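Inspection log for the structure reproduced underneath, given as structure tokens.
Each chain gets a letter, A, B and so on, in the order the sequences are listed, and its residues count up from 1. All of these numbers come straight from a predicted model, not from anything done at the bench.
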There are 2 protein chains.
Amino acid sequence: MKNVTIKDVAKAAGVSYSTVSRALSGSREISHDTRERILQVCKEMNYTVNTVARSMVMKSTRLLGLILTSVNNPFMSELAYYIDQEAHMRGYNIILCNSSRDMDQERELFELMIGRQVDGILLCPAGPGSYERLRPYLSRIPTIFIGENLREVPESYVSVDNFRGAQIGVEYLYNLGHRDILYFGRRRNSTTHQLRAEGYAAACERLGLTPMYCNNTFSSTSIRYGYDLAKQLFSQQERRFSAIFAATDTNALGIMQAAEEMGLQIPQDLSLLGFDNIRDSGLPRIELTTIEQPKQLLANVALDTLVDKIQNELSGYSHRIISPALIERNSCRKI
Amino acid sequence: MKNVTIKDVAKAAGVSYSTVSRALSGSREISHDTRERILQVCKEMNYTVNTVARSMVMKSTRLLGLILTSVNNPFMSELAYYIDQEAHMRGYNIILCNSSRDMDQERELFELMIGRQVDGILLCPAGPGSYERLRPYLSRIPTIFIGENLREVPESYVSVDNFRGAQIGVEYLYNLGHRDILYFGRRRNSTTHQLRAEGYAAACERLGLTPMYCNNTFSSTSIRYGYDLAKQLFSQQERRFSAIFAATDTNALGIMQAAEEMGLQIPQDLSLLGFDNIRDSGLPRIELTTIEQPKQLLANVALDTLVDKIQNELSGYSHRIISPALIERNSCRKI
DNA sequence: GTGAAATATGCAAACGTTTTCTTGAAAAAT
DNA sequence: ATTTTTCAAGAAAACGTTTGCATATTTCAC
């Protein structure tokens, strides 16, 4: 399994190994004939350049660390796909890892990535405290936060406009005739959640609606969280809302299940609006109307920003906010 | 952003840099005092060992290449999650890439990974021809094929028992009273598909059923494929089957959508059985009964096998076949 | 108190590249 | 025919580690 090196090629071609390097790098200071000959020998010997040796001297691995909370999550896996694609187009590869929303784990992964000499890090933060916890590392490695709005923090991030997205959602329901809209989901979990809740509140204010929340003391996350909370909600006396605005599609999926079990029909008995537009939402029989986070664009902008930061050794930061759009399907009805 | 090296630490601690290396590696041939002192200095200076330099001399990167057809696919993303987890537990990291079922792309990625000096490759092959196309590389890098049964091929793979899984499925439907079971899906697409079709045929034979297939000339894949084909199927005259056994859950999802549109109720009017148990299948309102591919186990076995191959420089191969299980939900009914 | 054994540390090679500097030869200009 | 210029190719340093070998110091037995 011993790999053939540049020296083996040099010997076979009867030149010095620096000449081989030049032949491969496309340098101009080499004669046409020798280049052709060397390239021929390389092919015959199945030579592949050793990227780690190159990285040593070039001081660049062309590797990017991608730290997610979990690829096993429809939003993140789709994002990961586009990120890989965008990275590949720019000549980078991705080292993937999962923090499982554990901040200690996240910090460890950061150290690991720095040790691996990645050129930059793409981070979907584990929680609202991530920025503070990671601050010591941020000066050591170009980093971009994805999906999370850091507000006034002096670090680069790209995020959808969560505030605006929530507004759009409320306005949509309002125009459908809904006046009693329940906001369903965490409110302090992350800046993302905070902003969505704030957007909801602002829109209610503007439209003269009274905001309604449901207590959110549950700690389990996502679909299960939605299911448990909704189950409890639906078993209370009479309902005072005609629509639910779920903070995430995964929550909405849980709500759907609870509704199903309680004999509530969506959208006939209850309108349901999500946020994220994960793949599952487009499924037959689900057809959740939702606010889209444009994942491909998110990935594109993230890579542009990060690569720019790497190549120009920028110490500044940029905040990129992408506008969300409503995807109308079949979970909300006019009343 | 200049990183501090072992030499900087050595200087600060007043020792040679080999001593620092020994202090960090936990070698015994160093005095307790100097080790403590050096460790202290390392901490103060935020020293992190440069993994790529280490890789050079150790001739091991502790990186594994994971080549998927696409992370943006519920089965693969779940698999990727467990693979990362298992790899992490063994001190490896994952370089992720997507072949998009393109064999040229797949071959390129293989070369790329070899250049990056990964210690091994985990491959979800792009197609049935992958093995042949990649053969030249397989002697150069420890590789394990995942999810695909290579039959008599002398390369390591881990796969679920697709043949047996299909049998289990047919038997289940049979016991529910079904006698006219349509097999829905590709049959020559990959060994996986071939084996499922064969298992179906074998079970029919044993139970005295006549196998039924639907023509599969469509080329689009997965959910769309299922939808298109099912739509055509349902618009034909009368139906001669009471149940459909879909080759994959994604196909089944497409079938569901078509059924919905044509006013066919599942399971009342038609029983539907899937294969894979992707996350979506467990969703409320979907509740697809299906044959499970145990992803976590697949990942575990894949890493055991690969790491073993790497560490013991095994040139042999091992075929690991995992038994599938039926996950009963709500898409099949007794008749 | 001497020699041997054990222990702690330093030196230098090696890993496979890229790139600067140097050299030698050929081509061009005088 | 000589000098200058251009060009191709080699030599060697550098990247940041690990580790075998050499060396210096301590510990121990006699």
Check: protein-nucleotides 20-23 of chain D nitrogen or oxygen pairs below 3.5 Å:
unit_1	atom_1	unit_2	atom_2	d
D:dG20	O6	B:Arg22	NH1	3.4

Could you check whether any side-chain N or O of B:Thr191 sits under 3.5 Å from a backbone N or O of B:Asn149, counting only pairs where one atom can act as donor and the other as acceptor?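 Checking the backbone N and O of B:Asn149 against the side chain of B:Thr191, a donor-acceptor pair under 3.5 Å is found.
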Looking only at side-chain N and O atoms, does [X] come under 4.0 Å of OP1 or OP2 in [N]?
X	N	result
A:Thr34	D:dA9	yes
A:Thr19	D:dA9	no
B:Ser21	D:dT18	yes
B:Tyr17	D:dT19	no

Could I get the full list of salt bridge (charged side-chain N to carboxylate O under 4.0 Å, His left out) partners for A:Glu155, not counting sequence neighbours?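 Per chain and number, A:Glu155 pairs via salt bridge (charged side-chain N to carboxylate O under 4.0 Å, His left out) with A:Lys309.
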Under 4.0 Å from any heavy atom of chain B: name the first and the last nucleotide of DNA chain C that qualifies, 5' to 3'. C:dA8 to C:dG16
Gap between atoms NZ and C1', on A:Lys59 and D:dA14 respectively (whole Å): 9 Å
Roughly, in whole Å, what's the span from CD1 in A:Ile38 to C1' in D:dG10?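 The distance from CD1 of A:Ile38 to C1' of D:dG10 comes to 12 Å, rounded to the nearest Å.
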Would you kindly compare A:Ser31 and B:Val4 by the position of their nearest DNA chain D nucleotide and give the one closer to the 5′ end?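 Comparing both residues, the 5'-ward one is A:Ser31.
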Would you say [X] and [Y] make side-chain contact, with heavy atoms under 4.5 Å?
X	Y	answer
A:Arg37	A:Gln40	no
B:His88	A:Cys97	no
B:Val153	B:Tyr317	no
B:Asp104	B:Arg107	yes
A:Thr5	A:Asp8	yes

For B:Glu36, all residues meeting side chain to side chain contact (heavy atoms under 4.5 Å, CB included), sequence neighbours excluded: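 Applying side chain to side chain contact (heavy atoms under 4.5 Å, CB included) to B:Glu36 gives B:His32.
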Report, one line per pair, each donor and acceptor closer than 3.5 Å where one atom sits in a side chain of residues 76-83 of chain A; sequence neighbours left out.
unit_1	atom_1	unit_2	atom_2	d
A:Ser77	OG	A:Pro74	O	3.3
A:Tyr81	OH	A:Gln85	OE1	3.2

The helix from C:dG1-D:dC30 to C:dT30-D:dA1: angle between its terminal axes, five pairs each, to 10°? 50°
A:Arg320, CZ atom: more than 12 neighbouring heavy atoms under 6.0 Å: no
Using a 4.0 Å heavy-atom cut-off, does B:Val15 contact any base of the nucleic acid, only the sugar-phosphate backbone, or nothing at all?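 Since only primed, P, OP1 and OP2 atoms lie under 4.0 Å of B:Val15, the category is sugar-phosphate.
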Select base, sugar-phosphate, or nothing to describe what B:Lys7 touches, counting heavy atoms under 4.0 Å on all strands. base
